Structures are given as C-alpha cells and as structure tokens.
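I have placed the structure first, in the form of structure tokens, so that the comments after it can refer back to it.
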Amino acid sequence: MLWEVFVRSKRGLSHTHVGSLHAADAHLALRNARDLYTRRQEGVSLWVVPAEEIVASSPEEKDAFFDPAGDKVYRHPTFYDVPEGLTHL
Amino acid sequence: MDFQEIVDADGRIEPRDDMPEGYRKTLIRQIAQHAHSEIIGMQPEGNWITRAPSLRRKAILVAKVQDEAGHGLYLYSAAETLGVERSELMDMLHTGRQKYSTIFNYPTTCWADVAAIGWLVDGAAIMNQVPLTRCSYGPYARAMTRVCKEESFHQRQGFEAMMVLASGTPAQRTMAQEALDRWWWPALMMFGPSDTDSPNSAQSMAWGIKRFSNDELRQRFVDATVPQAEHLGLTVPDPDLRWEGEHYRFGEIDWDEFFTVMKGNGPCNRQRMAHRVAAHEDGAWVREAAAAYAAKQKSPTVTAAA
C-alpha cells in the first residue's frame, strides 16, 4: 500500500509533502516515514496519508479550473494606486 | 502549455501531466536503474560493517549504507509516480531485465576499498546527480535534491578515511594507493559510454532529463579529483594524465572491460544478484506477516472483539 508523507520541519511551520513510501498499515507507514524522511532531524511531526485517499484536481482541467481567478486582479493590493508619500497603506 | 513548451521553458513536468510515451519509458528505466544501483550499492560496503576499524568508522558506515537504502526508496517512489508498480521494478532487477551501475560489480577486498568508494564512487555519483536536481521531471528532481544533500557526507567521510590511511604507516599508505589503483578506472566508467557511443543522449537532452554529456561530466570529475589525490600524496594510475590548458587530459578507458561488466561478466555480478534475490526471498515472510496483520486489523470481527 502506497502512503504519502508530510513533515513539519519545525514548530510554527505547516506540514509539507516530502514523498511517498510503501507499508502494510498506518503504524508501519509512520515508522518507515521516520526512518526514510527524518534521519537527520528534518522534522518534529509526521503525517502519513493513504495515497488513494487523496482527491486531486486534474491537470487536463487545470485551465478551466483555475481560470476564474485570472481576471480578478483587484484582489491584489498592487491593483490600487496609492498617492506618493503616504505610508501605512 | 504543452509538454515541449514546458520543458523548453525550463519548467517541470509533474506526474499526471501529458507526456510522450518515450519520455515516460526513458524516465522509468533511468530512475529504476538508478534506484537499483543504490540498493545493490549497499552490498560492497555492507561487507565491511562488521570489520570496520573503529566504532566511529562503523557508526559512519552503518549510517551511509542506511542512506543508500533510503536513496533507493526515494527513487522507487519517484518511478512509481509514472504508473509502474514497485513489484514490477524489483522483478525486472531480479530477472536481469533492468541493470544497475557497473561499479557495484567490483569487490571490496580491504578496508581501504571502503574509503576509496566513499571518495571516488560517491564523488562521481555527486557529479552525475547534481545536474539531475534540475531534471525536467519534478519527482525525480526532488528525489535527487534529497540524495545530493546526503551524498556529500558520503564523499567526505570517504576522503577523510583515505587521508587517515595515506598519512599512516607505510603499509597503510600502500593500502590507500592500491585502493586508488583499483577504483580509479571503474569510477571513470560510471559516467557511461563516450558521447560518440551514447545513442540516447541527444533525446534525453531535448527532454531536459540530461543536462551535460557523459564526457563533460567525466572531465569535471577528473579535474576535481586529481588535485585531491595529490593532496593525499597518492598517484593516479594513469601514465597519460597531464594538465593541459584548463583541464587534465587522461588516458583511454578500457571500454571492453566496461561492456564485459555491463553484460554480467564482472568480478561480482552473479554474487550481487544472488544476494539481492536471496534477501528478497528471505524477507517474503515479513512482508506477508505485515500484510496479514494489516488485514486482521481492518476486519470487523477483530475490531468488535477489541
């Protein structure tokens, strides 16, 4: 069974995907992840998730899926003109 | 953007993207053979764990061999993102349909060979692998980044062990020199056939899998390593070696030896494969037990009883 592994590198940061591994069950997956991805103190916390449980967006639909955000530049602060000399804006 | 546009713009291809079938197949073969090399590479060094000259050297060697297993696993995972099963890859290794680096078919006859492997073999591996951290296939590039971080410890511990021998008793100096004599040429062969004899290189370059040619990387390795040998006070076993302009010119590689070892007739090919297959078969009961335990944990009757 394939598991995806996520490591929190230090307190204050979120878990980040680091790779995958094979294990028969969750307990072994966690042990294997410890041995495979944190041999040099790369993390303080580990998540393992069955790869088949992850629901992913499809690369073919990428454009249609993410396009709605494309024409909404007004969501960014750089869209707005700020008079010169003013601060805290 | 389509595949070639992404590659040409130095972008990364990710697992479920459209890609040419040839690209997928080339990557599966290359990543799998790289993974096989990592795990077969555990054998020549593992051979010396019980006989390491000190507890310090033993702890270092155990850590290094464990890293090689880890590198194999990162790479098998990367290969699997291309839609191939781990068990298929193991099967192709065990039946000889996929190969591993010829370097691991040479024996480690004394402790100095372990030092020389770290210095030369891992040094050559780094030269090959650093450009792969920018390979067009995302999962392979990311695995290589992790591997390269760890390899630099491998190379340094090897060089340090060589330094200790090279500055030791006359007998230890001789051991160090003989290890260099044994490993120099096989290390140069690790970069693969000469460019004129490497038919798939151009396609791999166009696909962004390969960044530099075999001969370019080999030249870099020679240029980087010869001064290190001089620092150790050892002699590189090549009468034709000389500094010329900006590079070291070196003698002709014995390609007959390279192809002999590649075809399965090196000093340890049969031993390496027999050991790998035996380890796989001897470990079958562990995999079966783990799977049976996992199935039992999932079954409703056990859950109710617990």
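Naming: A, B, ... by sequence-line order, numbering from 1 per chain. Since we're looking at a predicted model, the values are computed, not measured.
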- Item | Validation row: A/V18, B/R146 side chains within 4.5 angstrom (heavy atoms) | yes

- Verify side-chain hydrogen bond (donor to acceptor under 3.5 Å, both in side chains) between B/E80 and A/H22, making sure each step is shown before the conclusion. CA-CA 11 Å; B/E80 282 176 295; A/H22 282 249; 2.5 Å; yes

- Task: Could you tell me the separation between the CD atom of B/E150 and the CZ atom of A/R39, rounded to the nearest 0.5 Å?
- Result: 4.5 Å

- Message: Working to the nearest 0.5 angstrom, can you tell me the gap between B/K298 NZ and A/D25 CG?
- Response: 8.5 Å

If you draw a 6.0 Å radius around [atom1] in [X], do more than 12 non-hydrogen atoms from other residues or ligands fall strictly inside?
| X | atom1 | result |
| --- | --- | --- |
| A/R11 | CZ | no |
| B/H94 | NE2 | yes |
| B/E21 | CD | yes |

- At a heavy-atom separation under 4.5 Å, does A/L28 approach chain B through its side chain, its backbone, both, or neither? side chain

- Task: Below 4.5 Å from any heavy atom of chain B, which atoms of A/A56 appear? Answer side chain, backbone, both or neither.
- Result: both

- Message: Under a 4.0 Å threshold between the charged nitrogen and the carboxylate oxygen, would A/R40 count as salt-bridged to B/D67?
- Response: yes

- salt bridge (Lys or Arg N to Asp or Glu O under 4.0 Å) pairs touching residues 37-53 of chain B, sequence neighbours excluded, are B/E45-B/K64

- Query: Counting N and O atoms only, with roles assigned by atom type, does the side chain of B/R287 sit under 3.5 Å from a partner on the main chain of A/A24, one being a donor and the other an acceptor?
  - Reply: no

- Sidechain-backbone polar pair: B/Y74 side chain, A/L36 backbone, donor-acceptor under 3.5 Å: yes

- Task: Between chain A and each of B/A291, B/A143, B/A295, B/G70, count heavy-atom pairs under 4.5 Å; write down the option with the most.
- Result: B/G70

